[in-house]
Enquirer: 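Starting off with a structure, shown below.
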Amino acid sequence: MAWPGMEKYQNERIIIHLDYDCFYASVVENERPGLRSLPLGIQQKNILATCNYVARAQGVKKLQLVSEAKKTCPNLVIVNGEDLSRFRDASKKLWLYVREFIWEYKVERLGFDEVFLDVTQMIDFNIANLNLADFPASVLPTCTLASNLACTNADDDKLVEEAADQGIGFFRLSLTDPKRGFSFSWGKLPGHTYPLNDALDLRVLPESDHSSQSLEDDGLDCKVHNDFHQTKHTKHRLHRRLFLAAHFADFLRNSVKETYNYTVSAGISTTKLTAKLAGSVNKPDKQTLLIPAATQSFLDGHEIGKIPGVGFKTAQVLREELLGVVQGGAPEGSSVAEVAFYDKLTHPVTIHDIRRKLTLDRLSQVLDSKEQARKLYGWLHGVDTTPVAQTSLIPTQISIEDTFRSLKGTKQAEQVLIQLVTKLITRMHIDLLSPLPTPTTSTPTPTTSLQRWLACPRTFRLSLRPRDMTGPYSARISKSAPLPRYVFARDSCAEALAGRLVRDVGLPLLRKMGKVGEGELQLVNVAVVNMEESKAGEAVMAGVDIEKVFAGKKVTAEGSRNKNDEDMDWEKEVREIERVYKMLGEKGVEGDHKLAEEIDGISNEEDTIVDGQNLGIVGVMKPIDNQIEPGIGEDLWVKADDNGELSDMDGNGTDIVPAEAPTLRPIAHLRTKSRLDFSELEMEDEVGSPSARGVVCPKCGMGVLLFALEAHARFHEMERREQEK
DNA sequence: TGGGGTCCT
DNA sequence: AGGACCC
């Protein structure tokens, strides 16, 4: 993106950092507005992930134990936030919204609730625009936010002139459409500044010591009457650019609030580091512009660990370097976790301290790489060249995890794995499948109703945290294996695929972990990684209509023929898998082994892990009429032997219970409540046996794995409807 | 202390 | 495969 004379404006970057206020709590408040006025905490296991500001006013803290929070605030409303789906969805929605405003999509996501924006080009274009003769034409009267995006008053010369006289500016959001943008008042700087606006006498501020090259007055005299802006510093280019950015940040915050009802805090500066730190100065629903000349003193006051990039370990090393090795050390024979360390509260070390006492050479010796030292040295002085990365629409990894007080043995682990992998596959569908074709009347019906995979993960990873490993923290163990292709069958239900995946890859990996896999587990995590982007993915990234890319090969004129062909093969392969699945579904759950083998033949060609017997697959989902309610209230029985245990009949941990086995008796009653929501599958465990994993269908006597229950019930419903015809 | 993520080695 | 960092 360029315009005449752009280069001479391109020196220092302008970065905005946005931070959605107590994000999880805000998501819940938007779902249930009644909670807005109440103290609200979001619970994950034993702690509050976050809480709203009403709760904070009553003494509740982030990351506090739920038990403690309840003491300090007995009327605290607590909502469980262990399932992140809604937060992830809201985060993505906000990100996509903000993204559309920023040229070249220079928008980087950090976690679910933060974004960095590099608005340098937008700011410089608008500055340049003002300097060109069209300053009056780029000025519009104030209009409401709603009409800002398509303001039609531009032609009204009188209003325009009046506006200019009143110091009203117009910020253009589009290079090509001069009407797209918002108006703002040059006379008023939105939000806060650091140092404080009142304390800030711009007239006596020294020329900025670390960006003096950009403070050259370019001669533009803004048509404003406000004293503040008639100081000499207003004439400094960097200041003017930052003021403009403050207005843009204000616009973005207001837009997000009006459109989606989320309050946002923002920091405006020239680097990611300083923008982020500046944003945390004034917090809920406020923004802060860091005045460049104050950068060093601003940074100096921060504790060393506050620098994003300086984590627990690095901060520890730096504190020890300054204060000396911790006295006493670890008692003889104590575990690593008991080693004493300098705490940031008891032994705060500031950026100032480090900057004054540790040279670059010293830092190089203390840190593990010269690069790290150079980066840190820069940060200490407000230098941070890290670019704002365009966050891809496609994640590099998708993972699901759960923690437990105690989880023992392969049997329970399998249950957990099926649950987690089912969620994982559902998430793959949400995050990796192309958006559904928009149902507009103008677009011709697409050749296929199937969504496309934007990317395909090549690897499945299982991670565990053993109950009490001797580690100061985290300590996970992980193993990976190739992800079988059949998980990409788009019309199969997540349960069925999960069952197969756990059987073929999950359990083998678990066994590969040896003793750890059978011992007590505190955490289980499943993930798909190694994303390979497809042509469809690239097209979506570029904002191109996917259907066009695939409809005519001619559209992809670029020399990427190979990649495209590979993608077509990939599509064909997945379709073939889906065809076989469909046939299997039509043949019924009796599970024609030949077909099942066919699936394995197709899908496991390249898989290194093919484990256990082929049991036939039952969980095939077929498209069915939305009107009907199959399987609701249908009774199914879990059976067990006289000891109350499901025997591992085939010795492979698969536990499909034959209906004919005379010694079996029911131990649990299952009833499908809803056909759409798998999570609502109701299970009344009558014996308390956690090992019940197979059920016998009362209709056909077929053994059905729990994960496939829903699909199985649906099969019977389809059968019934066929007979009614 | 949660349930996610990123990149580097 | 693990470690450091981020939220």
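Sequence lines set the chain letters: A, B, ... in the order given, protein chains first and strands last, and positions in each chain run from 1.
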Enquirer: Look at the side chain of A:S478 and decide which nucleotide, out of C:dC6, C:dC5, C:dA1, has an atom nearest to it.
Expert: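 The answer is C:dA1, which lies nearest to the side chain.
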Enquirer: Choosing from B:dG3, B:dG2, C:dA4, which nucleotide comes nearest the side chain of A:N46?
Expert: B:dG2
Enquirer: Could you tell me whether A:R461 contacts a base, only the sugar-phosphate backbone, or nothing, with contacts defined as non-hydrogen atoms closer than 4.0 Å?
Expert: nothing
Enquirer: Atom NZ of A:K92 to atom P of B:dG5: distance rounded to whole Å?
Expert: 12 Å
Enquirer: For A:T403 and A:P395, find the nucleotide of DNA chain B closest to each by heavy atoms; which residue's nucleotide sits nearer the 5' end?
Expert: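 Final value for this comparison: A:T403.
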Enquirer: Looking at B:dG2, B:dG3, C:dC7, which one has an atom nearest to any side-chain atom of A:L63?
Expert: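 Given the options B:dG2, B:dG3, C:dC7, the side chain of A:L63 is closest to B:dG2.
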Enquirer: When you measure from the side-chain N and O atoms of A:R109 to the phosphate of B:dT6, is any distance below 4.0 Å, counting only OP1 and OP2?
Expert: no
Enquirer: Out of C:dC6, B:dG4, C:dG2, which has the shortest distance to the side chain of A:E401?
Expert: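 Output: B:dG4.
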Enquirer: Of the listed nucleotides (B:dG3, B:dG4, C:dA1), which one gets closest to any side-chain atom of A:E82?
Expert: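 Nucleotide nearest to A:E82's side chain: B:dG3.
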Enquirer: The side chain of A:S480 lies closest to which of these nucleotides: C:dA4, C:dA1, B:dG3?
Expert: C:dA1
Enquirer: Roughly how far, to the nearest 0.5 Å, is the CG atom of A:L417 from the OG1 atom of A:T422?
Expert: 10.0 Å
Enquirer: Given C:dC5, B:dG2, B:dG5, which nucleotide is nearest the side-chain atoms of A:F312?
Expert: C:dC5
Enquirer: Rounded to whole Å, how long is the line connecting atom CZ of A:R476 with atom C1' of B:dG2?
Expert: 10 Å
Enquirer: What's the closest nucleotide to the side chain of A:K313 if the choices are B:dG5, B:dG3, C:dA4?
Expert: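 Given the options B:dG5, B:dG3, C:dA4, the side chain of A:K313 is closest to C:dA4.
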Enquirer: Among B:dG5, C:dC6, B:dG3, which nucleotide has an atom closest to any side-chain atom of A:R88?
Expert: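 So the nucleotide nearest the side chain must be B:dG5.
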Enquirer: When we call it a touch if two heavy atoms are under 4.0 Å apart, what does A:K62 touch: a base, just sugar-phosphate, or nothing?
Expert: nothing
Enquirer: Tell me the interatomic distance from A:Q390, atom CD, to B:dT6, atom C1', rounded to whole angstroms.
Expert: 17 Å
Enquirer: Is the closest basic N to carboxylate O distance between A:K344 and A:E303 below 4.0 Å?
Expert: no
Enquirer: Can you see if the side chain of A:R427 gets near the phosphate of B:dG5 - specifically, an N or O under 4.0 Å from OP1 or OP2?
Expert: yes
Enquirer: Taking the six-membered ring for Trp, are A:F116 and A:H17 parallel (under 30°), tilted (30 to 60°) or perpendicular (over 60°)?
Expert: tilted
Enquirer: Output yes when A:E108 and A:K272 qualify as a salt bridge under the 4.0 Å nitrogen-oxygen rule, no when they do not.
Expert: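 The answer is yes: the pair qualifies as a salt bridge.
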Enquirer: Decide side chain to side chain donor-acceptor pair (under 3.5 Å) for A:R109 and A:S91; before the verdict, give the C-alpha distance in whole Å, the side-chain angles of both, and the deciding distance to 0.1 Å.
Expert: CA-CA 9 Å; A:R109 254 215 295 187; A:S91 170; 2.7 Å; yes
Enquirer: Which nucleotide, B:dG3, C:dA1, B:dT6, lies nearest any side-chain atom of A:T396?
Expert: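 It is B:dT6.
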